[in-house]
There are 2 protein chains.
Amino acid sequence: MSISSRFAVGVHILTLIEFNKEGVSSSEYIAASVNTNPALIRKIVGMLKKAKLVEVHPGIAGAKLAKNLSEITLLDVYKAVDVVQDNELFNIHENSNPQCLVGRNIQDAIAPILATAQLALEKVLSGVTIEDIVQDIINKEEQNRER
Amino acid sequence: MSISSRFAVGVHILTLIEFNKEGVSSSEYIAASVNTNPALIRKIVGMLKKAKLVEVHPGIAGAKLAKNLSEITLLDVYKAVDVVQDNELFNIHENSNPQCLVGRNIQDAIAPILATAQLALEKVLSGVTIEDIVQDIINKEEQNRER
DNA sequence: TATGGTTGTAATTAAAATGGTTACAGGTAA
DNA sequence: TTACCTGTAACCATTTTAATTACAACCATA
């Protein structure tokens with residue numbers, strides 16, 4: 001089990017748009033960097049558009065960021081590409097036996113803990129912006145050039 | 001995407017063993033509460049055994065807790081049934097284009113953040129024990145009786 | 001030592017999720 | 001009109017998952 005790569009790809013897309021802000025970030029251009037199919041990129045870009053993270057128009061090539069870099073958090077992306085619907089990161093076994101003391105209560109006993117855990121995860125994501133990612137990549141490239 | 005129900009079932013099993021500590025918790029008995037197949041229970045119990053959370057022996061009916069209730073955290077269970085291998089809760093798109101500035105750096109830029117997020121989630125799980133679950137269920141039953 | 005019941009596990013199946021792909025309608029601009 | 005783009009539906013292949021079947025190995029006891 002693991003969280004869909006759409007999330008990572010979403011971050012990739014937004015970061016790439018920023019680095020290419022003087023140019024045209026068409027789905028084909030983005031697909032070349034992510035190394036996948038343009039249609040798949042359009043699908044994810046469509047999700048980012050619905051979440052108002054990017055601007056993109058039918059027939060017109062290229063996507064642009066719809067917000068300031070520092071205003072887009074990884075949590076925004078995470079929710080935009082809805083890898084996980086609310087409170088359903090964990091799979092709870094549904095069909096416990098209601099005639100059993102444990103069976104009829106276990107679900108309600110565990111659920112709030114799992115929700116808390118999920119929130120903790122999301123809080124970390126909310127503390128990082130695309131700007132942080134961009135800066136990190138710039139730093140990494142500089143370090144490589146020094147060697 | 002979501003975390004395997006093995007985790008929830010694992011917690012269910014340990015809790016049930018505790019409530020039935022005077023009796024014999026055979027795989028069939030447990031399966032009746034979880035409402036699934038005994039073989040599946042044996043598989044998960046086997047994982048709990050490997051993690052030294054329960055004691056169970058071939059040919060002898062019944063599983064027992066191998067530790068004190070308060071010493072078994074949900075994180076122990078989570079790791080025991082290995083729903084997620086270390087640092088792989090998130091799926092990172094693997095094949096980014098190394099000729100692209102973003103493509104060759106995005107993975108390393110994101111990875112530590114995802115690891116931090118995963119750790120935050122696990123920390124929450126480490127703060128809850130099976131004892132807490134047991135107590136919670138007792139409370140819930142009392143509340144129901146009062147109504 | 002036979003018997004009934006249990007754990008452990010390999011093999012299989014069915015269903016669901018996932019990523020990827022193709023195809024094409026509809027839009028834009030030159 | 002033409003060339004190119006986005007948006008999307010439909011489809012496919014692969015993997016994952018839970019569930020199931022089947023059986024070997026094991027134990028306690030009559």
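By convention in this document, chain letters (A, B, ...) are assigned in the order of the sequence lines, proteins followed by strands, and residues within each chain are numbered from 1.
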In whole angstrom, what separates [X]'s [atom1] from [N]'s [atom2]?
X: R42(A); N: dT21(C); atom1: CZ; atom2: P; result: 13 Å
X: I44(A); N: dT18(C); atom1: CD1; atom2: C1'; result: 12 Å
X: K50(A); N: dT8(D); atom1: NZ; atom2: P; result: 7 Å
X: M47(A); N: dT8(D); atom1: CE; atom2: P; result: 11 Å
X: E28(A); N: dG7(D); atom1: CD; atom2: P; result: 15 Å
X: N95(B); N: dG19(C); atom1: CG; atom2: P; result: 12 Å
X: R6(A); N: dT18(C); atom1: CZ; atom2: C1'; result: 9 Å
X: K43(A); N: dT18(C); atom1: NZ; atom2: P; result: 12 Å

Next item on the list: Starting at CG of L40(B), measure out to NZ of K43(B) and round the result to the nearest 0.5 Å.
Entry: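 It comes to 6.0 Å.
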
Minimum-distance nucleotide to [X] side chain [options: [options]]:
X: S26(B); options: dT20(D), dT7(C), dG7(D); value: dT7(C)
X: A61(A); options: dG27(C), dG8(C), dC5(D); value: dC5(D)
X: S27(B); options: dT7(C), dT6(D), dG19(C); value: dT7(C)
X: L40(B); options: dG19(C), dT7(C), dA19(D); value: dA19(D)

Item checked: Touch class at under 4.0 angstrom, heavy-atom based, for V45(B) against every strand present ->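 Touches nothing.
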
Next item on the list: Pick base, sugar-phosphate or nothing for A39(A), based on heavy-atom distances below 4.0 Å to the nucleic acid.
Entry: base

Margin query: Which label fits F90(B) and F7(A): parallel for a plane angle under 30°, tilted from 30 to 60°, or perpendicular past 60°?
Written below: tilted

Checklist line | Enclosure of K64(A) NZ (heavy-atom neighbours >12, cutoff 6.0 Å) | finding: yes

Item checked: E71(B) atom CD, over 12 foreign heavy atoms within 6.0 Å ->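 For E71(B), atom CD is crowded (more than 12 foreign heavy atoms under 6.0 Å).
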
Note to self: With a 4.0 Å limit, can you tell me whether S5(A) has a side-chain N or O closer than that to the phosphate oxygens OP1/OP2 of dG19(C)?
What the structure shows: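 For dG19(C), OP1/OP2 do have a side-chain N/O of S5(A) under 4.0 Å.
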
Check: OP1 or OP2 of dG7(D) less than 4.0 angstrom from a side-chain nitrogen or oxygen of K49(A), does that happen here?
Finding: yes

Notebook entry, point to check: Same cluster or not: are L89(B) and V124(B) linked, directly or through other Ile, Leu, Val, Met, Phe, Trp or Tyr residues, by side-chain heavy atoms under 4.5 angstrom apart?
Noted result: no

